[in-house]
Amino acid sequence: MRSIISFLLLASTCFAADKLDVCDCKPRDEKPTGYRYAVKHVPLPDGEPKKITVDEVLAWEQSPDPKNDAPRKGRELQLVVIPQAYVQFAWAYRGDCDIHIELSATAGKDAPRVVVETPVDPEYCPARKTLQSALHDHNVELSVLQQEVAAPFPVTVRGLPYQDFDHKRGSKHVATVWEIHPAVLEPIGDTGKLRPRDGRLLAALRKPCHREPSLR
């Protein structure tokens with residue numbers, strides 16, 4: 001019985017990863033009347049971003065939840081950039097197809113985290129592909145499954161601050177309702193890359209799915 005359960009878990013994991021199309025994901029239940037929908041689905045503005053850190057985001061005051069239709073205001077209107085943060089956790093929420101990433105100021109697995117999200121809107125397709133590729137290079141196949149990144153890697157983040165409502169999102173290490181959403185992430189360095197020949201070999205070895213099942 002245990003072997004059958006393991007096989008089914010492995011098969012479902014592979015299916016979820018293989019079926020995710022980051023640029024043609026169809027939201028399951030997000031509606032234009034959903035929580036602050038309009039303010040999340042916007043392009044990033046032009047202009048010079050304000051440089052901030054993950055620690056600053058963690059320190060922002062967490063006021064009561066904004067109303068469902070509240071427009072952006074205050075710091076939510078300021079384009080920001082986090083020059084370096086570490087990707088700790090990743091998944092694509094089936095409800096709205098946004099890619100959820102948990103970031104920390106350091107690579108420590110117990111470090112407090114901030115959620116950043118890259119929407120499914122067409123203008124974010126290149127950024128979503130870049131993020132999917134970076135996760136793949138670090139042994140994470142982006143899917144609707146919530147996944148810890150075993151070896152956190154650094155990225156630069158550019159986007160708009162956004163105060164979400166207070167609810168369970170991701171791991172226990174998320175320490176604020178503030179997010180960067182929408183956000184574009186760019187991997188720093190090339191530590192996850194291999195030579196093309198080695199990369200093709202690794203890709204072949206990974207098919208159809210490289211992860212071991214979890215019974216927890």
Side-chain angles (χ1 to χ4, degrees), residues 7-45 65-72 76 87-103 113-149 153 155 157-171 174 177-187 203 206-211 213-214:
F7 172 79
L8 291 175
L9 287 170
L10 179 59
S12 65
T13 298
C14 294
F15 177 82
D18 291 344
K19 291 298 182 180
L20 181 65
D21 184 336
V22 291
C23 290
D24 195 32
C25 180
K26 305 300 183 186
R28 176 173 291 173
D29 55 25
E30 188 181 41
K31 299 177 177 62
T33 55
Y35 180 75
R36 302 192 75 196
Y37 176 93
V39 302
K40 293 185 289 187
H41 294 275
V42 295
L44 294 183
D65 295 345
K67 293 182 178 179
N68 182 64
D69 58 351
R72 285 187 178 271
E76 293 184 322
V87 174
Q88 296 275 10
F89 190 93
W91 62 302
Y93 174 52
R94 179 60 76 189
D96 61 13
C97 287
D98 287 1
I99 297 175
H100 293 58
I101 301 293
E102 294 180 15
L103 298 177
R113 303 175 186 177
V114 170
V115 170
V116 302
E117 298 189 34
T118 302
V120 73
D121 304 279
E123 62 263 36
Y124 294 102
C125 175
R128 288 166 68 90
K129 285 184 175 179
T130 295
L131 184 53
Q132 183 182 44
S133 178
L135 288 165
H136 176 83
D137 289 338
H138 292 82
N139 302 314
V140 175
E141 298 299 339
L142 183 64
S143 75
V144 297
L145 303 177
Q146 298 186 357
Q147 300 175 74
E148 282 284 342
V149 178
F153 61 94
V155 292
V157 183
R158 183 168 55 90
L160 291 170
Y162 170 80
Q163 184 177 341
D164 203 354
F165 67 99
D166 190 6
H167 66 291
K168 167 66 176 173
R169 293 165 300 136
S171 78
V174 176
V177 297
W178 281 100
E179 302 177 352
I180 308 298
H181 188 178
V184 170
L185 288 73
E186 290 287 343
R206 282 173 170 165
K207 292 181 179 180
C209 183
H210 72 277
R211 291 194 305 275
S214 172

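If you're wondering where the values come from, they're calculated on a predicted model, not measured in any experiment.
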(request) Verify side chain to side chain contact (heavy atoms under 4.5 Å, CB included) between L103 and V157, making sure each step is shown before the conclusion. (result) CA-CA 10 Å; L103 298 177; V157 183; 3.3 Å; yes
(request) Apply side chain to side chain contact (heavy atoms under 4.5 Å, CB included) to the pair Y37 and E30, showing each step before the final yes or no. (result) CA-CA 8 Å; Y37 176 93; E30 188 181 41; 3.5 Å; yes
(request) Report yes or no: does R72 contribute a side-chain atom to a donor-acceptor pair with the main-chain N or O of K40 at less than 3.5 Å? (result) no
(message) What I want to check is whether the side chains of E179 and H100 have a donor and an acceptor closer together than 3.5 Å.
(response) no
(message) side chain to side chain contact (heavy atoms under 4.5 Å, CB included) for T118 and V184? Distances and angles first, verdict last.
(response) CA-CA 6 Å; T118 302; V184 170; 5.5 Å; no
(request) Provide the closest heavy-atom pair for A70 versus P66 in the form atom of the first, atom of the second, distance. (result) CB-CB, 3.9 Å
(message) How long is the straight-line distance from CD of Q147 back to CG of N139, given to the nearest 0.5 Å?
(response) 11.0 Å
(request) Report yes or no: does R128 contribute a side-chain atom to a donor-acceptor pair with the main-chain N or O of P119 at less than 3.5 Å? (result) yes
(message) Working note: I180 + L160, criterion side chain to side chain contact (heavy atoms under 4.5 Å, CB included); need CA distance, chi angles, decisive distance, verdict.
(response) CA-CA 5 Å; I180 308 298; L160 291 170; 5.9 Å; no
(request) Calculate, to the nearest 0.5 Å, the distance between atoms CG and SG belonging to D121 and C23 respectively. (result) 11.5 Å
(request) Give a yes or no answer on whether the side chain of E102 reaches the backbone of S171 with a donor-acceptor pair at less than 3.5 Å. (result) yes
(message) How close do V39 and Y162 get, counting heavy atoms only, and between which atoms?
(response) CG2-CE1, 3.7 Å
(message) Are the side chains of L44 and Y124 in contact, using a 4.5 Å heavy-atom criterion?
(response) yes
(message) When you compare the side chain of D98 with that of Y93, does any pair of heavy atoms fall below 4.5 Å?
(response) no
(request) Would you give the length of the straight line joining atom CD of E117 to atom CG of D96, rounded to the nearest 0.5 angstrom? (result) 6.5 Å
(request) Keeping the roles fixed (side chain from D65, backbone from D166), state whether a donor-acceptor pair exists under 3.5 Å. (result) yes
(request) Determine whether the side chains of E186 and T130 contain a donor N or O and an acceptor N or O closer than 3.5 Å. (result) no
(request) State whether R36 and E76 are salt-bridged, where the test is any N-O pair (Lys NZ or Arg NE/NH1/NH2 against Asp/Glu carboxylate O) under 4.0 Å. (result) yes
(message) Do F89 and I101 make a side-chain contact, defined as non-hydrogen atoms from C-beta onward lying under 4.5 Å apart?
(response) no
(request) Please tell me if the side chains of V116 and L185 come closer than 4.5 Å, counting only heavy atoms from C-beta onward. (result) yes
(message) Strictly below 4.0 Å, N to O, side chains only: are D29 and K31 in salt-bridge contact?
(response) no
(message) Within the 4.5 Å heavy-atom criterion, are F165 and Y35 side-chain neighbours or not?
(response) yes
(request) Quick one: pull up SG in C97 and CG in D21 and give me the separation to the nearest 0.5 Å. (result) 9.5 Å
